[in-house]
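Counting starts at 1 for both ligands and their atoms, following the listed order. Note that this is a predicted model, so its numbers are computed, not measured.
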Amino acid sequence: MNSVNNSITKDTFALTTPLYYVNGLPHIGSAYTTMAADAIARWQRLAGREVLLLTGTDEHGQKIQRTAEENGVEPQAHCDRISATFKELWEKLNIQYDRFSRTTAPNHEKIVQEFLGRVWEKGDIYLDQQQGWYCVACEEFKEERELLEDGCCPIHTNRKAEWRDEQNYFFRLSAYQEKLEKFYQENPDFIQPVSRRNEVLNFVKGGLQDFSISRVNLDWGIPIPENPEHTIYVWFDALLGYITPLLEEGEEVTLANALKKWYPYSLHLIGKDILRFHAIYWVAMLMSADLPLPKQVFGHGFLTKDGQKMGKSLGNTLDPVELLEKYDSDAVRYYFLKAIEFGKDGDFNETRFVNTLNADLANDLGNLLNRSLGMLKKYCKGSLDDGLTISEDNPIKKIGETLCDRTSNAYNKYQFHQACEEIMELVRACNKYIDESAPWALHKQGESQKVQEILYTVLESVRLSGLLLVPIIPNISSKIYQQLGFNYDFNNKNLTINSEALKDHFSWGTLSLNKDLNRAVPIFAKLEIGDSN
Ligand code: MSP
């Protein structure tokens, strides 16, 4: 458990997902970021830190205003409806968020205006003419050279960018070029993974241009106090959505109060398409306002379906709600976090989904628990002796004793697939160990000590695997623990390394497993394609 303990340099860990646009129902991309954020939050909590996970919805701007108009409803009513569907999805995905930010929340306007005031006083805001191509779907101006031949931006190939020629307020981003470069140099881990860091460094090296932070002829947004015909650019407003909900209930609405406890963030978890906003614009905005900077921005990859980019026009979107109607939350979480290397692009394919879950959770892990509890009942009357000695050359002991450190390292780097792989390696080794040591034969030969050693070794490995899988599949972990005689529910946030209940649980071979070993029940039923469970 050393690396868990060593990784605790500060005892709080605050992280965010992006605030999702409410122009449509939640899609699998939003679900992916949120699952990963939840796994990180659960890991940090389990490792003893006080954690705050913020998620939420981004509700202002032209895109939302237009969607509401198209649906014939007031923008606020539209936002309320869609925002609620995100909360419902997080419930289904078993996401334990602590704050839900909505950029239309009552306190937010005041925080945005106070922040803008600080940047204004710094002399970083000025009025100028903005001419250029605006992609409403991205809510971003694009360089002409970035657009495709038909005038669409490469991310939204069915929406033409629109020409704008208007007076806007600008933020003096160019003034932060050197400061930013120095910051990235002094904080080499700030942007993760490394490929994204290089992308940002190259972009910054190319020269930063000021960007406009206001829009005219747009009602759905926060007005600029000095000139209310202008509303604040949706991104400027949204990034501050990471701050407003840090205020405690009833506290006076000031930036200072909001920043008191949890700020600065340990991590902003985002997809690669919104890297510039977080790693460049947001950092410069905070520098301008003289506020501390987040510790890290991690840009994950994009998901495809059956090898193809997902899109409504292609008719191949993957609806997270439909997926969760067919398969339960642990199954969905396991696939996305185990089968895709976090940081890289990844694919969803239903056959691969079913095969991965059946192989790892039903066959390797589930059967291991089931068969060893079955043998315990048959050969040892359902209980293990106290104080068993495990021989030094036991092959499982060697892997088991280092598992926690290896898994911690992976989680601390947000490499969920690697954490799962380390755990599954132990699980597979246990299956092999049983096959090779043949406890059924040893039992016949009257070698009851050896049988006890084998079964303890395996059950202890399943226990530790279950514990280390809590961030990914908390419900299955609870089922495993319950069968091993611990009546724990790992959705309980108080179960951490610092709790009495889990005190000795983070190492291999230190616990006795001699009580209430419940009857074996499958922890994960085998799936068929299109299954409903
Ligand atoms: N509203 C902004 C974020 C403001 S944060 C202050 C926004 N919202 S979004 O709803 O469009 O996107 C949210 C997240 O979904 C982004 O992190 C994006 O990368 C992610 N994804 C969108 N499509 C995706 C995939 N196909 N695959 C994986 N994630 C993708 O941007």
Side-chain angles (χ1 to χ4, degrees), residues 15-37 54-64 67 79 82-83 85-86 89-90 99-105 108 111-112 115 135-140 153-157 159 196 199 221 232-245 265 267-283 285-286 294 297-314 316-320 323 335-337 339-348:
L15 76 160
T16 64
T17 72
L19 305 186
Y20 304 109
Y21 283 130
V22 290
N23 59 312
L25 295 172
H27 54 70
I28 197 70
S30 352
Y32 182 54
T33 324
T34 313
M35 278 185 256
L54 176 142
T55 183
T57 42
D58 183 356
E59 306 186 1
H60 285 135
Q62 190 135 41
K63 173 155 74 168
I64 310 298
T67 316
C79 294
I82 303 286
S83 185
T85 63
F86 279 87
L89 178 59
W90 303 158
R99 305 283 158 101
F100 193 94
S101 181
R102 293 190 60 188
T103 53
T104 58
H108 186 57
I111 291 290
V112 173
F115 184 91
C135 171
V136 175
C138 290
E139 293 281 14
E140 189 181 9
C153 96
I155 305 174
H156 300 100
T157 48
R159 308 273 296 267
R196 308 260 183 270
E199 206 180 297
I232 295 176
Y233 173 41
V234 58
W235 265 101
F236 197 94
D237 156 355
L239 288 161
L240 283 151
Y242 291 146
I243 292 189
T244 310
Y265 279 103
L267 174 67
H268 289 306
L269 194 64
I270 54 166
K272 62 181 181 181
D273 54 328
I274 53 176
L275 189 61
R276 279 181 208 173
F277 290 102
H278 287 80
I280 305 174
Y281 293 17
W282 180 223
V283 176
M285 283 160 61
L286 289 164
V297 171
F298 188 105
H300 66 67
F302 256 48
L303 300 174
T304 52
K305 181 159 177 247
D306 304 319
Q308 277 191 309
K309 191 178 161 193
M310 271 183 259
K312 285 192 190 132
S313 49
L314 283 170
N316 68 341
T317 50
L318 175 62
D319 177 355
L323 195 62
Y335 176 80
F336 283 102
L337 298 174
I340 297 166
E341 183 177 337
F342 200 58
K344 301 241 169 90
D345 291 348
D347 190 49
F348 176 88

Item to check | Heteroatom proximity flag, Tyr32 to ligand 1, N/O under 3.5 Å | outcome: no

Next on the checklist: If we count only N and O atoms by modelled type, under 3.5 Å, do the side chains of Thr33 and His300 hold a donor and an acceptor together?
Outcome noted: yes

Next on the checklist: For the residue pair Lys63 and Tyr21, would you count it as a cation-pi contact if the rule is NZ or CZ under 6.0 angstrom from the ring centre and within 45 degrees of the ring axis?
Outcome noted: yes

Checklist entry - Which atoms of ligand 1 sit under 4.0 Å from any heavy atom of His300? => result 28 (C), 29 (N)

Checklist outcome for this item: So the atoms of ligand 1 within less than 4.0 Å of a heavy atom of Gly301 turn out to be 28 (C)

Next on the checklist: Heavy-atom distances under 4.0 Å decide this one: backbone, side chain, both or neither, for His27 against ligand 1?
Outcome noted: side chain

Next on the checklist: With no hydrogens and no angle check, just 3.5 Å: does a side-chain donor-acceptor pair link Thr103 and Glu59?
Outcome noted: no

Checklist entry - Hey, what's the ring geometry for Tyr265 with His268, parallel, tilted or perpendicular (30° and 60° as the breaks)? => result tilted

Next on the checklist: Is there a polar contact between ligand 1 and Leu303, counting only N or O atoms under 3.5 Å apart?
Outcome noted: yes

Checklist entry - Using a distance-only test with no angle check, is there a side-chain donor-acceptor pair under 3.5 angstrom linking Tyr32 and His27? => result no

Next on the checklist: So, regarding Leu19 and ligand 1 (criterion: nitrogen or oxygen to nitrogen or oxygen, under 3.5 Å), is there a contact or not?
Outcome noted: yes

Checklist entry - With a 4.0 Å cut-off, would you call Arg102 and Asp58 a salt bridge? => result no

Item to check | Numbered atoms of ligand 1 (with element) below 4.0 Å of Ala238, judged on heavy atoms | outcome: 6 (C)

Checklist entry - So which of Phe336, Phe348, Tyr21 gets nearest to atom 9 (S) of ligand 1, if we judge by its closest heavy atom? => result Tyr21

Item to check | Per-atom contacts of ligand 1 with Asp58, taking only distances under 4.0 Å to non-hydrogen atoms | outcome: 1 (N), 2 (C), 4 (C)

Checklist entry - Does the N or O separation between Tyr242 and ligand 1 drop below 3.5 Å for any pair? => result no

